[in-house]
**Student:** 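Please read through the structure below; I'll follow up with questions.
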Amino acid sequence: MGTDITGMELIPAPVRVGHQGRCGFLMDRATTITAQDGTENTERWLRSTLGAAFGLPLAPGGEDAPNAIRLRIDPALEPEGYRLSTGSGRSVEITGGSSAGVFWGAQTLRQLLGPEAFRRAPISPGSRPAVPFADIEDSPRFPWRGMMLDVARHFLPKDDVLRYLDLLAAHKLNVFHFHLTDDQGWRIEIKRYPRLTEVGSWRSRTKHGHRASELWDETPHGGYYTQDDIREIVAYAAERHIRVVPEIDIPGHSQAAIAAYPELGNTDVIDTTALSVWDTWGINPNVLAPTDNTLRFFEGVLEEVLGLFPAATSPFIHIGGDECRKDQWKESPAAQARIDEFGLADEDELQSWVIRHFDTWLTARGRRLIGWDEILEGGLPADAAVSSWRGYGGGIAAAEAGHDVVMCPEQHVYLDHRQDGGADEPMPIGFIRTLEDVYRFEPVPAGLSEEAARHILGTQANVWTEVMQDRARVDYQVFPRLVAFAEVAWSPLPASAERDFAGFERRMATHYARLDALGVDYRPPSGPLPRQQRPGVLGRPLEGPPPNV
Ligand code: ACM
């Protein structure tokens, strides 16, 4: 593992580093890129990023041109694996198992070129960027290396989403779980239901801090992505070999949709026309009515979603399924009639019936359903996958039952949780999850059978934004912990099963300089800067270590 790599400080650590040294070759205005078929996106990416950072043309070069970055595919390598070698001759060769592997190799090349490679314009004009002498073989531990971003609680403008895709790519993360709908906002344009965004995309005010806080931000908050914005985000992600998992959260977390279309709610229990987009946090009882009308409505939503998120890059569609309170279903004659009609045991089975409906619907259209681990309650079709968030338990049960699983337990990788116990931590919520805690997170729980372990597709960090009002707050919560998470998701677990945090911290010294060059507003190791603090805004810190569930 690359902890002793002088002058390289690669993160995530590669699988193997052979020869290494400071002196490889110096790039200059004559350096070209030779791109074999299938590597054009990496060629474009190298030219736009390294070209801008160093003020170099990086023009296309001929097959045997010296002084070149050569991009090749060798299907004998693992699909996302790559080999990067510099050495004899003035060139660097990146060979990937597929175009994705080539792209991840290019990310390594950028790190090898030093923090200046992460800037958007040269700060040392005329100096020649040095590619160190290196021979690196690398491939990821998990095929699913993700981050979930909640743009419903606080909207993040499109540019910020594109920037996050770049930040994921820089850390070799390849799944962007896009949490597009919730009680507090509907963020995706659906042409056949315009009120979802006209009404559902904004709220008149917002609780400032945790819901126990007495503060309100009286500024109306909102925003949504047009369908063209979504197409651009999807294409931008695809150029970076990032799959997008859109989430339309049903049947709970749906108050914004009900505010837009009151007939979606339990009209026989409450006056749903009185509901507005929710302005505070927590789990509320206003869930979708399990009626045919609701099913048809969300089939219509999903038809547009499938059109916007093509199967090649969005094989999974997330339908939420978490924290659906059943109070209204218990009181609703219509919901109870459904339970009787289908011979269901209770409201949990009614939720399961809704999920099964969309599983069948998505499967018929060549997609796979994924949902939060509550979808296990009441039974789940075999091909559905589970995001295990309430701990390892749901994921273990799902994997042992043969479902694919993404491990994202809130006790470990919820980046909204505070990262230090200090009094100056802004709006502190949840358990203390330090950089080291995240670094030591293990996605495959001990004791899992070998067969079940094969169902752990990978892992993701989740970023819920109730207390993250803008990009700076998101950056603060996400970084540097996402860097540690990226190494968990990509790099092999050492034979000892003990990760070398001291070595990681040494490499972080260089990585902070990369984050500085990128303009990431991370939490400094010494604690929040004055402008990153939020004195007087109440959070809800949980005391003690997180339960080991
Ligand atoms: C969740 O955190 N409610 C999935």
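Hydrogens, waters and symmetry mates play no part in the numbers below; they use all other heavy atoms, side chains included. Ligands are counted one by one from 1 in listed order, and the atoms in each one are counted from 1 as well.
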**Student:** What I want to find out is whether Glu442 reaches Arg141 closely enough, with some N-O distance under 4.0 Å, to be called a salt bridge.
**Tutor:**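 Arg141 and Glu442: salt-bridged.
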**Student:** Any idea which residues sit under 4.0 Å from ligand 1, heavy-atom distances?
**Tutor:**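 The answer is Asp322, Glu323, Trp372, Trp389, Tyr414, Trp464, counting any residue whose heavy atom sits under 4.0 Å from ligand 1.
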**Student:** Let me see the working for Arg473 and Asp521 under salt bridge (Lys or Arg N to Asp or Glu O under 4.0 Å), right down to the final yes or no.
**Tutor:** CA-CA 8 Å; Arg473 282 286 302 131; Asp521 217 349; over 6 Å; no
**Student:** Taking NZ, NE, NH1 and NH2 as the nitrogens, is one of them in Glu304 or Lys191 under 4.0 Å from a carboxylate oxygen of the other?
**Tutor:** no
**Student:** Quick one: which residue pairs count as a salt bridge (Lys or Arg N to Asp or Glu O under 4.0 Å) with a foot in residues 454-464, not counting sequence neighbours?
**Tutor:**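 Output for this query lists Glu451-Arg454.
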**Student:** Just wondering, are more than 12 heavy atoms of other shown residues or ligands nearer than 6.0 Å to CD in Glu214?
**Tutor:**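 Atom CD in Glu214 is not crowded, with 12 or fewer foreign heavy atoms closer than 6.0 Å.
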**Student:** Starting at CG of Asp271, measure out to CG of Leu275 and round the result to the nearest 0.5 Å.
**Tutor:** 7.5 Å
